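Keep in mind that what you see is a predicted model, and the values were worked out from it rather than measured.
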Amino acid sequence: MAYQPDPKVADVRERLEAALEASATPPDKAAAKLASQGKLYVRDRISLLFDEGSFVEDGRYANATATGLPADGVVTGRGLVDGRPAIVVANDPTVKAGSWGARTVEKIVRATESALREELPVFWFVDSAGARITDQVEMFPGRRGAGRIFHNQVALSGKVPQICCLFGPSAAGGAYIPSFTDIVIMVDGNASMYLGSPRMAEMVVGEKVSLEDLGGARMHCTVSGVGDLLAGSDEEAIELAKEYFSYMPLSWRQPTPHFHPEEPSSPLTRDDVPEVESVPFDMHEVIDRLVDDEQFFEVKPMFAAELIVGFGRMAGQTVGFVANNSAVKGGVLFSDSADKATRFITTCDAYSIPLVYLADVPGFMIGSEVERGGIIRHGAKMVYAVSAATVPQLCVVVRKAYGAGLYAMGGPGFAPDATIALPTARIGVMGPEAAVNAVYANKIAEIPEGPERDAFVADKRAEYEKDIDLERLAADLVIDDIVEPESLRDSIILRLSYAGGRSRHFTERHTGISPV
């Protein structure tokens, strides 16, 4: 029987092909705008994320019957990232500035439902002006409205990695999408997050402010801490996202990927740790000499830099590091550094990533300014996170660990698998100089300045130092081992290998009440 085309089918094919073509490439004007901003088209971004030929898309014909709304402004689907499956939700800024309509929201809700059902990681490629006011009744308030996206993101939190690349704006309520993800990578000069635009800020509160100062990428990565990493381009942001993902498991049930073990670029030696505790040094150098060759991924490097957090590989396995950095503000803990640590420790605990604390901390900052800023509340969050974490944990006292700083860095009272000290370590309520001044301030004031006062102070410091002598701390079982820097890497690797089977149970309850 001869083939006889049906005009109705031909018409359907013609309309589908037109819809497909409309969402395949941006219009010339939109493409020119992307180029002027140094941005990639949404499908080019996705091509950089997924392995070639692995991407399958859902809902490409969303709103195909409308004019100028290809795929309704968002691309969703799944593919392989270096051989591992993941879901992507990617705004298309060439379609009404990436704004949300009813079908945009439905596609995103379905993608998050798939992630929940299949326990797959989600990459959020955000570049959106927010909701379309013209569609607000259909997409905003209902059971499957925009609020459902945030609800599902919270359900996904700690279940699967959620990784956000912020290429452009994330405005108003939509700004909460990045905030619910595990990591936010922002493109310098293009990315922004804000609840109210500069124009709205001027109208409502009378403030005149630039977009960059209000919610720009650099501001969020250095001041607010909402951004985790600053990228110079779309390509760099996607590369950072993939690198971060390489340290993560597919889900909370899965192990982290294992890589071929490598030796550090340089071994750690005693010359790398100044023996005088008042001499500042960069703890990055210690970390680089503990992890496999160039296998350290730092998170929030531009925010609260007195504390270093990040993922490294030791013998091919992912390990989380929390480390004081005396090269910045003496390594003192502030509210921001406590928040930074809390977030990181919780992430490691969620994905069964062991933690190594490298302590060189004089304690938490004091003074009226930080007290008014709630440092007790913020510091309590960090101590809470350390207490509640059930992954293998090692406390390494590199130099000083004074006051509540010892507690915040996973000290002996918080049930680490071991507390290890270098010979340079000191543990106490405070340093010798501060302790003597605190206890004997009145007595010192009574002695005239000169040799007699100096001798008295020196004698009391010697007494205090004897009290916190490292050998005594080891003899009293405060610490479990003292190792030289040259042996520290091997000790950590061996101890973590034995700690892998520890119980993940902490306490019986519905949920704890974090000191927010």
For residues V356 and V322, determine if any side-chain heavy atom of one lies less than 4.5 Å from a side-chain heavy atom of the other.
no
Any chance CE of M302 has more than 12 other-residue heavy atoms, nucleotides or ligands included, within less than 6.0 Å?
yes
Is atom CZ of R372 surrounded by more than 12 heavy atoms (other residues, nucleotides or ligands) closer than 6.0 Å?
no
When rounded to the nearest 0.5 Å, the distance separating CG of D336 from NE2 of H378 is 7.5 Å
side-chain contact (heavy atoms from CB on, under 4.5 Å) for F50 and V88? Distances and angles first, verdict last.
CA-CA 9 Å; F50 289 129; V88 70; 3.6 Å; yes
NZ or CZ of R313 within 45° of F259 ring axis and under 6.0 Å:
yes
Looking at E106 and R110, is any side-chain nitrogen of the basic one under 4.0 Å from a carboxylate oxygen of the acidic one?
yes
Is the closest basic N to carboxylate O distance between R78 and E118 below 4.0 Å?
yes
Between C164 and P178, what is the shortest heavy-atom contact and its length?
SG-CB, 3.8 Å
Could you give the distance from CG (D44) to CG (L49), rounded to the nearest 0.5 Å?
12.5 Å
Would D188 and R218 pass as an ion pair if we require N to O under 4.0 Å?
yes
Under 3.5 Å, is there a donor on one side chain and an acceptor on the other for Y351 and D182?
yes
Results of side-chain hydrogen bond (donor to acceptor under 3.5 Å, both in side chains) for R60 - residues two or more places apart only
S23
Compare all side-chain heavy atoms of V95 with those of L69 and state whether any distance is below 4.5 angstrom.
yes
Among P121, P255, P161, P257, the one residue meeting side chain to side chain contact (heavy atoms under 4.5 Å, CB included) with L250
P121
More than 12 heavy atoms of other residues, nucleotides or ligands under 6.0 Å from NZ of K242: is that the case?
yes
Distance check, rounded to the nearest 0.5 Å: R132 atom CZ versus S99 atom OG?
4.0 Å
Criterion side-chain contact (heavy atoms from CB on, under 4.5 Å) on L40 and L34, from CA distance to verdict
CA-CA 6 Å; L40 297 175; L34 289 177; over 6 Å; no
Looking at K39 and D127, is there a salt bridge between them, counting it only when a charged N and a carboxylate O are closer than 4.0 Å?
yes
Decide side-chain contact (heavy atoms from CB on, under 4.5 Å) for Y61 and L20; before the verdict, give the C-alpha distance in whole Å, the side-chain angles of both, and the deciding distance to 0.1 Å.
CA-CA 7 Å; Y61 296 99; L20 191 69; 3.7 Å; yes
State which residue, out of V89, N91, I238, fulfils the side chain to side chain contact (heavy atoms under 4.5 Å, CB included) condition with F125.
I238
Crowding at CD, E294 (>12 non-hydrogen neighbours, <6.0 Å)
no
Search all heavy atoms of P416 against all heavy atoms of G410 and return the closest pair with its distance.
CG-O, 3.5 Å
Are D339 and K381 close enough for a salt bridge, meaning some N to O gap below 4.0 Å?
yes
State plainly whether the residues E138 and R144 are in salt-bridge range, i.e. N to O under 4.0 Å.
no
Assess whether a salt bridge exists between D11 and R15, defined as any Lys/Arg side-chain N lying under 4.0 Å from an Asp/Glu carboxylate O.
yes
Judged by atom type as modelled, is there a donor-acceptor pair below 3.5 Å linking the side chain of Q393 to the main-chain atoms of A389?
yes
Is any side-chain heavy atom of V226 less than 4.5 Å from a side-chain heavy atom of F303?
no
Are T104 and D72 linked by a side-chain donor-acceptor pair shorter than 3.5 Å?
yes
Any luck finding a side-chain donor-acceptor pair between T346 and D349 under 3.5 Å?
no
Tell me the closest heavy-atom pair linking P249 and T256, and the distance in Å.
CD-CG2, 3.7 Å
Is it the case that more than 12 heavy atoms not belonging to L48 sit under 6.0 Å from its CG atom?
yes
Can you tell me how far apart CG (D234) and CG (N190) are? Round to the nearest 0.5 Å.
7.0 Å
Looking at G512 and Y384, what are the two nearest heavy atoms and their distance?
CA-OH, 3.1 Å
Are Q295 and Y247 close enough, and set up right, to give a side-chain contact (heavy atoms from CB on, under 4.5 Å), and what steps lead you there?
CA-CA 10 Å; Q295 298 295 302; Y247 288 89; 4.0 Å; yes
Mutual orientation of the aromatic rings belonging to W100 and F150 [parallel < 30°, tilted 30-60°, perpendicular > 60°]:
tilted
How long is the gap from CG on L240 to CG on L230, to the nearest 0.5 Å?
9.5 Å
When you check the gap from the basic side-chain N to the acidic O, do E57 and R43 get nearer than 4.0 Å?
yes
F167 side chain near M186 side chain, heavy-atom distance below 4.5 Å
no
I'd like to check L229 versus V299 (side-chain heavy atoms, cut-off strictly below 4.5 Å). Are they in contact?
no
Nearest heavy-atom contact between P26 and A31 is CG-CB, 3.8 Å
Hey, are the side chains of R253 and E119 touching, using non-hydrogen atoms and a 4.5 Å cut-off?
yes
Tightest non-hydrogen contact, residues R343 and S179, listed as NH2-O, 4.3 Å
Can you tell which of L496, V386, I345, V309 makes a side chain to side chain contact (heavy atoms under 4.5 Å, CB included) with L355?
I345
What residues, two or more places apart in sequence or in another chain, satisfy ring-ring contact (aromatic ring centres under 6.0 Å, His included) together with F344?
F311
So, taking the atom named CD in E113 and the one named CD1 in I108, what distance separates them when rounded to the nearest 0.5 Å?
12.0 Å
Take the angle between the ring planes of F123 and F245 and call it parallel below 30°, perpendicular above 60°, tilted in between.
perpendicular
Near R143 CZ, under 6.0 Å, is it more than 12 heavy atoms from other residues, nucleotides or ligands?
no
Over 12 foreign heavy atoms within 6.0 Å of CZ, R13:
no
Ignoring hydrogens and angles, state whether a donor on the side chain of R148 or T112 is under 3.5 Å from an acceptor on the partner side chain.
no
F334 six-ring centre to K329 NZ/CZ under 6.0 Å and within 45° of normal
yes
